[in-house]
There are 2 protein chains.
Amino acid sequence: MALTIGEMGKATSTKIETIRYYEKIGLLPKPARTSSNYRDYGPAELGRLSFIRRSRDLGFSLDQVRALLGLSDDKSCDCAGIDRIANQHLLEVDRKIADLQALRRELKAVIDSCDGGTVEECRIVEALGPVASG
Amino acid sequence: MALTIGEMGKATSTKIETIRYYEKIGLLPKPARTSSNYRDYGPAELGRLSFIRRSRDLGFSLDQVRALLGLSDDKSCDCAGIDRIANQHLLEVDRKIADLQALRRELKAVIDSCDGGTVEECRIVEALGPVASG
DNA sequence: CTTGACCCTGTAGTTGCTACAGCCCCCATA
DNA sequence: TATGGGGGCTGTAGCAACTACAGGGTCAAG
């Protein structure tokens with residue numbers, strides 16, 4: 001059961017260039033090649049790529065993915081390390097949400113302050129540029 | 001009242017390199033120079049930089065900032081264009097928050113499924129890599 | 001035998017900065 | 001006058017995580 005890079009891409013909704021990029025940075029191993037130098041993947045590589053993509057979809061950075069892959073390779077270790085990375089990432093996500101919500105409130109206030117009219121009177125512009133010419 | 005680039009940076013909490021970068025990409029005009037070729041800023045530039053930084057803090061992209069600056073230069077135009085950009089950005093922020101909240105839910109479910117034990121049995125690993133060696 | 005879809009390598013672009021390297025300049029102090 | 005520290009200058013390279021070419025080779029169908 002061999003897969004071309006295009007089939008790997010379709011199976012995981014990944015662009016070909018991205019797969020080659022993962023190979024280049026060492027997230028995916030260098031695969032076997034056909035006689036015409038095409039990449040030749042097996043199910044293990046497909047699994048690994050699925051893992052990477054799913055992790056990326058959940059917002060893990062490539063460095064975190066690398067760590068997860070390293071930890072998940074060692075089946076007999078306990079999974080505290082994996083848990084730690086995942087929970088740390090959850091905290092980051094929470095922080096990001098909170099930051100965006102704060103930003104949203106501020107942005108909304110700026111927008112709501114504007115009643116229309118000319119740019120001269122626009123409160124948005126005023127709110128953005130605190131220092132007038134003077 | 002002339003300012004050096006360092007004073008501009010302090011006044012707006014902006015690194016010197018960032019100010020030069022804004023100049024390079026045309027967000028800030030090329031300033032006057034002193035006899036020893038130092039950048040020589042006035043209050044108008046300080047205002048413009050403040051505007052840029054405040055907009056960036058509110059999450060506008062540099063392209064959006066560029067558009068806002070263009071619109072706000074024309075004081076007699078009505079401010080509908082500015083309103084449009086700001087509201088469009090608000091929508092983007094809302095979308096980002098919703099995306100992150102969905103991601104958070106999924107991540108939490110993955111984490112909660114894990115009871116500890118070895119990596120072999122770890123549900124997080126299982127949830128991340130749907131395709132086993134088959 | 002040609003057409004079109006696929007694959008190859010390598011490089012440059014994206015966004016918004018940040019970090020040098022290697023230089024110049026200015027002011028104060030010894 | 002030397003010299004030391006803190007600015008400033010240009011230009012280039014790096015970060016994340018891809019994406020988009022350019023300029024080729026390969027393969028299956030008609």
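Keep in mind that what you see is a predicted model, and the values were worked out from it rather than measured. Every heavy atom of this structure was used, including side-chain atoms; hydrogens, water molecules and symmetry mates were not.
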**Message:** More than 12 heavy atoms of other residues, nucleotides or ligands under 6.0 Å from CZ of Arg123(A): yes or no?
**Reply:** no
**Prompt:** Would you say the side-chain atoms of Ser50(A) pair up with the backbone N or O of Leu46(A), donor to acceptor, closer than 3.5 Å?
**Reply:** yes
**Request:** Mind running a 4.0 Å heavy-atom check of residues 88-104 of chain A against DNA chain D and sending the residues that fall below it, in number order?
**Result:** none
**Asked** Could you give the OH-to-P distance, from Tyr38(B) to dG8(D), as a whole number of Å?
**Response** 8 Å
**Prompt:** In chain order, what residues pass the salt bridge (charged side-chain N to carboxylate O under 4.0 Å, His left out) check against Asp112(A), with sequence neighbours excluded?
**Reply:** Lys108(A)
**Item:** Worked check of side-chain contact (heavy atoms from CB on, under 4.5 Å) between Leu27(B) and Arg66(B)
**Value:** CA-CA 7 Å; Leu27(B) 268 188; Arg66(B) 207 185 297 273; 4.0 Å; yes
**Request:** Output the residues of residues 25-37 of chain A in contact with DNA chain C, where contact means a heavy atom of the residue under 4.0 Å from an atom of the strand; sort by number or write none.
**Result:** Arg33(A), Asn37(A)
**Request:** Identify which nucleotide among dG7(D), dT10(D), dC8(C) has an atom closest to any side-chain atom of Lys10(B), counting heavy atoms from C-beta outward.
**Result:** dG7(D)
**Prompt:** What is the distance, rounded to the nearest whole Å, between atom CE of Met8(A) and atom P of dC6(C)?
**Reply:** 17 Å
**Request:** May I ask you to test the Thr4(A)-Tyr41(A) pair for a side-chain heavy-atom distance under 4.5 Å?
**Result:** no
**Asked** Same cluster or not: are Val65(B) and Ile25(B) linked, directly or through other Ile, Leu, Val, Met, Phe, Trp or Tyr residues, by side-chain heavy atoms under 4.5 angstrom apart?
**Response** yes
**Asked** dG7(D) P sits how many Å from Ile19(B) CD1, rounded?
**Response** 14 Å
**Item:** Pair Arg48(B) + Asp73(B): basic N to acidic O under 4.0 Å
**Value:** yes
**Asked** What do the steps show when you test Tyr21(B) against Leu62(B) for side-chain contact (heavy atoms from CB on, under 4.5 Å), and what is the final call?
**Response** CA-CA 11 Å; Tyr21(B) 171 71; Leu62(B) 289 182; 3.9 Å; yes
**Complete:** Per-nucleotide protein contact along nucleotides 11-19 of chain D, 5' to 3', at a 4.0 Å heavy-atom cut-off (B base, S sugar-phosphate only, - neither), is -B----BBB
**Prompt:** How far does the helix from dC1(C)-dG30(D) to dA30(C)-dT1(D) bend, going by the axes of its first and last five pairs, to the nearest 10°?
**Reply:** 30°
**Request:** Find out whether Cys79(B) and Ile124(A) are in side-chain contact, i.e. whether some heavy atom of one side chain is under 4.5 Å from a heavy atom of the other.
**Result:** no
**Nearest-angstrom distance from the residue atom CD of Glu7(B) to C1' of dG8(D)** = 12 Å
**Prompt:** What is the distance, rounded to the nearest whole Å, between atom CD1 of Ile16(A) and atom P of dC8(C)?
**Reply:** 7 Å
**Asked** Roughly how many Å is it from CZ in Arg39(B) to P in dG7(D), rounded to a whole number?
**Response** 17 Å
**Request:** Send over the distance from Asp40(B) CG to dC25(C) C1', rounded to a whole Å.
**Result:** 15 Å
**Asked** Do Arg53(B) and Thr12(B) have side-chain atoms, one donor and one acceptor, less than 3.5 Å apart?
**Response** no
**Asked** Who passes salt bridge (charged side-chain N to carboxylate O under 4.0 Å, His left out) against Asp78(A), sequence neighbours left out?
**Response** none
**Prompt:** Does Glu106(B) pair with Arg54(A) as a salt bridge, N-O distance under 4.0 Å?
**Reply:** yes
**Asked** Shortest non-hydrogen contact from Glu45(B) to Leu28(B)?
**Response** O-CD2, 4.3 Å
